[in-house]
Engineer: 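I'd like to ask you about the structure that follows.
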Amino acid sequence: HNQPGPVRGMLAMWQRAKRIVRSRGRQLLVAAGAAGAAAALAWYLSQSRGEDDETEHVNAESDSQAITPSETPAQSNSETDFADRIQMHFEHNQVACDSAVLYQLSALQDALCSLADVDAIRTRLRRGAEQAAQSGKGATEPAGVPSSSSASAPAPRSETWEDEKLALWSKLKVASFTRTIAAAYAVVLTNLVVRIQLNLLARHVFLERSLREGMANADGMETSTILPRHTQETYLSLSEYFRADGLRDLVDEVNAVCERELNEIPLNARLSSDDVMGVVAAVRAALELEAPSGVPRSWTGLVVPSAVPADNRLRELILETIDILESERFAAVVSETLDCAFDFLSAGISTAIERAQCGGVIPFAKLIPSMANLSNRVLAAGEDGLLKRLEGVSSVDELSSLVYCSFNETSVPA
């Protein structure tokens, strides 16, 4: 009763597995298969990053921590010894999850910089301001900042620099909020989906390889891997779908909502932290609640392709993943982690307003660059990043444990 959750779950799972195998007239001998999960992670990292020094370091670390077949408790009938190895396997797999999610951050940042490109708008503003200054126009305002007379009203259709500048600033405010808010969602979804995938795969490899090796020892069968390597590789490549397709759809959604919510706020408006977070909260509600019912939305379409694979085992893994993504448990974990993410954004916005030293409020135009830069903190890999903050969300660990321990009789090979 004092054993950690993953151990209790896996022991219960193992007892059921043994009963199933006994009913088929085969003796079950315990054997661990953690090396399979480690190999899958090694492939995942090498495909994403290439064979550079850091990958070799991560792979070497995975290999050194894995439970290899020679270390399995096949010679022991001790449930306590087996429980210790289950816990070691589970903990090693969480380290693998940490490494995989951490690597994803740089890829997400590159993708978001392209999809919500604030730098191109900033460059055009800077060059336009320089050209206007050279021609004697716009000399009364700092470079690129909209004049107070034009910031409070929509620009008329004309070809003057002031009109173009106002239009560019309108695009910049939407792109800045889009990049940072989309970054928060991307980190949360990537963190959860990678953990679901690796824990689900680790559980399948552990159980199925253990059962196969037990049957081989009992019946003289040739031991083989039940989940083929190409199936594992294809399943893990789902994260590439999110970066290539799902993230683009997410950014489009966030951009449309931000444009609607920010359209009526003039650039010279003076906003408090509560004002800004009120706008962010409205964006979040529009993104997360289905209209008009108000029920939480599904995230499955962003992270799992709709096409059904021909590979039966791959299809089983994907369908099991979809079941998890569509569950009430996952919806609750997403909500809790997004609460943490938006608290992170709130703290960053408050800091930006305090640093402006404008008496607790800030001109909207002055906040926009800070909002764009906040996305870098959201995607940071160090102590100041959102991912580090998410480590404190206990429901993420609980979900990982449940996915790792989940078991039904259809998971046992026939």
Engineer: Counting only N and O atoms by type, is there a donor-acceptor contact under 3.5 Å from the side chain of Ser375 to the main-chain atoms of Thr180?
Structural biologist: no

Engineer: Using the rule given for side chain to side chain donor-acceptor pair (under 3.5 Å), can you reason through Asn191 versus Gln104, listing the C-alpha separation, both sets of side-chain angles and the distance that settles it, and then say yes or no?
Structural biologist: CA-CA 9 Å; Asn191 184 49; Gln104 290 288 323; over 6 Å; no

Engineer: Examine distances only and state if a side-chain atom of Ser327 and a backbone atom of Ile324 form a donor-acceptor pair shorter than 3.5 Å.
Structural biologist: yes

Engineer: Closer than 3.5 angstrom, by distance alone: can the side chain of Arg195 be matched with the main-chain N or O of Cys97 as a donor-acceptor pair?
Structural biologist: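 Side chain of Arg195 to backbone of Cys97: no pair is present.
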
Engineer: Tell me whether Ser335 contacts the main-chain N or O of Ala331 through its side chain, where contact means a donor paired with an acceptor under 3.5 Å.
Structural biologist: no

Engineer: Output yes when a side-chain donor or acceptor of Arg248 lies under 3.5 Å from a complementary backbone atom of Leu115, and no otherwise.
Structural biologist: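 Side chain of Arg248 to backbone of Leu115, a donor-acceptor pair under 3.5 Å: no, none is there.
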
Engineer: So, does Lys173 use its side chain to make a donor-acceptor pair with the main chain of Leu262 at under 3.5 Å?
Structural biologist: yes

Engineer: Taking side chain as C-beta onward, heavy atoms only, is Ile181 less than 4.5 Å from Phe342?
Structural biologist: yes

Engineer: Would the distance check show the side chain of Asn93 and the main-chain N or O of Phe90 forming a donor-acceptor pair, the cut-off being under 3.5 Å?
Structural biologist: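 Here the side-chain-to-backbone pair does not exist.
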
Engineer: Show, in sequence, the C-alpha distance, side-chain angles and deciding distance for Leu125 and Glu164, and conclude whether the side chain to side chain contact (heavy atoms under 4.5 Å, CB included) test is met.
Structural biologist: CA-CA 9 Å; Leu125 281 166; Glu164 182 184 359; over 6 Å; no

Engineer: Do Trp299 and Phe330 have their ring centres less than 6.0 Å from each other?
Structural biologist: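 Ring centres of Phe330 and Trp299 not closer than 6.0 Å.
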
Engineer: Take Lys171 and Asp117 through the test salt bridge (charged side-chain N to carboxylate O under 4.0 Å, His left out) and record every step on the way to the result.
Structural biologist: CA-CA 10 Å; Lys171 291 181 180 180; Asp117 191 354; over 6 Å; no

Engineer: Counting N and O atoms only, with roles assigned by atom type, does the side chain of Glu326 sit under 3.5 Å from a partner on the main chain of Ser298, one being a donor and the other an acceptor?
Structural biologist: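 Side chain of Glu326 to backbone of Ser298, a donor-acceptor pair under 3.5 Å: no, none is there.
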
